[in-house]
Amino acid sequence: MKDRNREWENLNEQQKEAVLDDSAACIVNANVGSGKTTVLTAKIHYLHSKCQVDYADMVVLTFTNKAANEIRERLSVRAQEVESRDMRYFGTFHSVALSLLRNLLSVEQLGYTEDFQVIDPEEEVELALQVIREQKLNIKYKNRLKKRLEQEKVSRCQDDLALLRELLQKEKIRQNKMSFADLLQTAAILLKDISLRIKWIIIDEAQDCDRQQMDFVNALKQKDTRLFAVGDPNQVVYSWRSGAWNVFYLLKEQYQARELSLPVNYRSSSSILEAAKRFLQNGSQLTGVRETGQKIWLREQYDSFQDACCLADRIRELHENGLPYSEMAVFYRLQSQSAVFEQVFERNEIPFEVSLKKTIQDIPVLNWLMKLLRFSANHRDLTSGQLVLSHRNYGAGLTENAAGKLLREWEAADKKLEQGGGLAGEDGRKARKPEQGGGPAGEDGRKARKPEQGGSPAGEDGRNGRTQTELLQKMWNFQGYFAELEPQNLKEEELWNYFQLDRHLHPTSSAYPEDKKLVMELFGLLLEDARTKQVPLWEALTDFLNSASLYGINFLKTDSANQSDTVKLMTLHASKGLEFSHVFITGVNNGLIPLQGKGFEEEEEERRLFFVGMTRAKDELELSYYTNPDTIRTFPGPSRFVRMIPPGLLQMDGDLPEKQQEEVNLKELKRLVQEERKAAVSEAAERERSRAADGPEPESEKQHLPELKKATHPKYGTGVILREDELMVTVLFEGYGEKEFLKAFCELQ
DNA sequence: GAAGCCCCGTTTTTT
DNA sequence: ACGGGGCTTC
């Protein structure tokens with residue numbers, strides 16, 4: 001047992017130092033592939049088994065659920081005695097905040113009740129739009145409302161944005177809802193009042209922390225709490241989400257943190273690592289331990305279609321040589337670039353998986369259904385209720401205003417009823433419980449009441465009137481109806497029938513079979529959730545809705561489950577944190593990689609992004625660029641990033657897909673060379689003229705022009721030097737065009 | 001209300 | 001480079 005618990009002794013020196021570090025605050029600069037998660041889990045394990053720190057006295061914060069799960073899993077493997085309830089404060093910033101708010105903090109102080117709902121950003125925008133409509137606020141640029149609300153600074157533009165912020169905050173409290181930001185903020189506020197005896201705070205991917213997250217950490221931290229953060233400033237690729245700021249610097253300043261680093265990369269071959277190093281920012285120390293490996297393949301392609309065809313062949317070839325599909329990945333800059341690869345791979349029968357953020361919100365029927373459930377779970381959630389009733393496909397044919405009015409009437413009637421005591425519950429048809437439910441039927445007046453229908457003006461709407469109020473009534477009575485039902489006896493069909501979904505999902509429409517399937521699947525997940533947790537459906541629903549916001553719902557599970565050995569297609573951003581034996585980065589053209597940007601800072605982020613992409617590769621990396629790009633704002637030819645890679649590390653004489661293609665390219669190359677020559681001649685003439693006019697020209701230009709220096713390259717033959725500085729030489733070769741060389745690397749004469 | 005001008009976003013995405 | 005939206009001007 002003891003021996004198994006001393007695993008940290010197998011780490012390298014720097015890793016060990018980080019694990020054993022006992023400073024009040026420590027920040028570890030963990031380079032790419034240097035065993036960041038290993039150190040993190042080893043540290044947690046060390047603290048527990050060697051320093052007798054309970055897991056419950058540690059807060060371990062990650063950005064994604066995936067990362068949190070990985071840490072938890074690795075710990076369970078290391079130490080069998082760990083139970084998940086010990087790790088109650090292991091999770092994303094938001095999930096830890098949520099569990100604190102649910103279990104320890106008194107949210108009542110801020111006007112919430114303890115069963116508050118978590119809403120995702122889209123729902124928050126919907127809520128904001130509703131407030132704007134109802135309060136008749138003057139808000140400009142509604143299409144960018146989300147971004148405008150996020151921004152902390154006061155807008156220059158003259159509208160009611162500040163007022164909206166205020167009213168939105170009040171409305172969220174009224175409806176008992178917290179946005180993601182509210183989770184962190186309210187937790188930070190309420191933490192000030194209590195004394196949580198947290199001994200260690202451990203942060204993963206600290207470079208991605210934003211203001212709110214740092215405030216939350218600050219609120220968690222007490223005088224004797226130790227802070228251990230791990231991150232890599234060279235992997236900042238999401239700075240556009242928060243204001244770009246240096247967390248490392250901030251942590252050092254604020255807590256006088258000790259700074260350590262993990263410089264050894266265990267992942268990539270040294271060719272790949274050497275090339276990637278050119279994209280490091282501040283001369284970070286990064287060393288490899290692996291063999292040289294293959295050179296980086298650089299391929300010229302006519303366009304993305306040619307590229308996809310070529311990759312399909314290449315992937316098949318690699319697979320035939322024994323490399324599993326799952327060890328290969330194709331990266332691109334934009335989501336829209338995936339389409340060509342999907343089509344071509346499909347046709348070539350190459351199994352693949354595209355990583356895309358498909359959520360239930362993208363499926364209209366489920367989006368509607370979730371709102372229906374939200375309102376059923378929380379009658380104060382007028383926004384959801386309104387959208388359910390006024391939905392143009394599945395709704396009850398009400399306008400937004402009419403729905404809002406109706407809901408407010410029900411709410412008012414409800415309040416009256418609450419004061420006057422329950423006189424409802426006797427309406428068997430609408431609020432009865434199923435036979436096998438057993439419990440004392442319908443008498444839970446407080447929950448299953450029904451306001452009197454007579455006074456409702458919406459009822460005048462004849463034919464639709466009944467449907468409207470029936471759907472509303474179903475949502476309203478849901479809690480009472482299902483309150484004490486054990487989920488074991490429940491079937492998806494009962495939920496379907498309860499809400500009379502046949503009526504709302506239009507059995508005659510072509511989408512109906514698919515819609516019904518999806519709805520049943522979602523009900524299935526909800527019931528399964530309730531069954532595993534062994535709680536009544538009612539209780540399970542609130543949890544289910546919150547975790548749907550915070551963790552998403554795995555709907556595409558079935559798609560990926562039937563094939564596990566697949567090539568992964570994803571954006572460079574999505575590749576962060578992953579590794580593959582063989583990586584293809586496509587569309588390495590100016591305008592795409594780096595993406596057409598404005599400022600210098602944005603280009604630095606693009607450089608880090610490319611760095612992240614390259615360093616995903618363990619053994620082989622292949623880059624491709626287009627001569628006739630089909631993406632907008634993309635320039636033909638290799639990206640300037642390609643030129644930052646030492647030519648000695650590149651394998652360029654790629655096999656062009658077809659001979660014909662080769663001829664086209666040669667022709668084009670010749671034309672380009674000729675044009676360049678013409679331009680050079682006319683430029684020379686221009687300078688000659690201006691020199692004659694302005695007198696003697698500066699020294700540098702004089703050297704440059706009269707006679708072009710020549711250079712000889714073992715492969716390209718003899719050419720003329722066009723440009724030269726202390727680092728690079730640009731030479732024009734007959735038949736090859738312009739080539740740039742790093743002086744230190746090339747064998748030029 | 002049409003015409004012209006200015007500003008901004010366009011891309012990446014987790015919770 | 002282009003389009004949407006807001007604002008000013010006539």
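The structure displayed is predicted, hence computed values, not measured ones. Reminder, nothing fancy here: chain letters follow the sequence lines and each chain counts from 1.
The side-chain heavy atoms of F116(A) and L98(A), taken from C-beta on, include a pair separated by under 4.5 Å.
A stacking contact links W240(A) to dT12(B): the aromatic ring centre lies within less than 5.5 Å of the base's six-membered ring centre, and the planes differ by less than 30°.
Across the protein-nucleic acid pair, R148(A) atom CZ and dG6(C) atom C1' stand 11 Å apart, rounded to whole Å. Atoms OH (Y238(A)) and P (dT14(B)) sit 6 Å apart, rounded to a whole Å. In this structure, CZ of F93(A) is placed 12 Å from C1' of dT14(B), rounded to the nearest angstrom. Residue E70(A) contributes atom CD, which lies 16 Å from atom P of dT14(B) at whole-angstrom precision. In this entry the distance linking CD of Q596(A) with C1' of dC2(C) reads 13 Å, nearest Å. The CG-P distance, from D204(A) to dT14(B), rounds to 16 Å in whole Å. With rounding to whole Å, E150(A) atom CD is found 12 Å from dG9(B) atom P. What separates CG of L592(A) from P of dT12(B) is a distance of 11 Å, to the nearest Å.
Residues S549(A) and R333(A) both approach DNA chain B. Their nearest nucleotides, taken by heavy-atom distance, put R333(A) toward the 5′ side. DNA chain C is contacted by both R144(A) and R633(A); R633(A) maps to the nucleotide lying nearer its 5′ end (nearest heavy atom per residue).
Of the candidates dC7(C), dT13(B), dT10(B), dT13(B) carries the atom nearest the H573(A) side chain, counting heavy atoms from C-beta on. Distance from the side chain of N143(A) is smallest for dG5(C) among the nucleotides dG5(C), dT10(B), dT13(B). When distances are taken from the side chain of P121(A) to each of dG5(C), dT11(B), dT15(B), the shortest belongs to dT15(B). Of all nucleotides listed (dT12(B), dT15(B), dT11(B)), dT11(B) comes nearest to the side chain of L595(A).
For the residue pair S549(A) and N546(A), no side-chain donor N or O sits within less than 3.5 Å of a side-chain acceptor on the partner. In this structure, a donor-acceptor pair under 3.5 Å is absent between the side chains of Q301(A) and Y625(A). Between the side chains of E171(A) and Q169(A), no donor-acceptor pair of N or O atoms lies under 3.5 Å.
Across all strands, N65(A) comes closer than 4.0 Å only to sugar-phosphate atoms, never to a base (heavy-atom distances). Backbone-only contact: Y141(A) has heavy atoms under 4.0 Å from sugar-phosphate atoms and none from a base.
A donor-acceptor contact shorter than 3.5 Å is absent between the side chain of R333(A) and the backbone of I593(A).
Considering only side-chain N and O atoms, Q335(A) lies under 4.0 angstrom from the phosphate OP1 or OP2 of dT13(B). For the OP1/OP2 pair of dT10(B) and a distance below 4.0 Å, the side-chain nitrogens and oxygens of K147(A) include at least one atom meeting the criterion. Listed pair S95(A) / dT15(B) fails the phosphate criterion, with no side-chain N or O lying under 4.0 Å from OP1 or OP2. Using a 4.0 Å cut-off, no side-chain N or O of K576(A) falls inside it from OP1 or OP2 of dT12(B).
A distance of about 25 Å separates the C1' atoms of dT13(B) and dC2(C), rounded to the whole Å.
Scanning atom types as modelled, no donor and acceptor separated by under 3.5 angstrom connect the side chain of R241(A) and the base of dT12(B).
Two rings, from F580(A) and H582(A), have their centers 6.0 Å or more apart.
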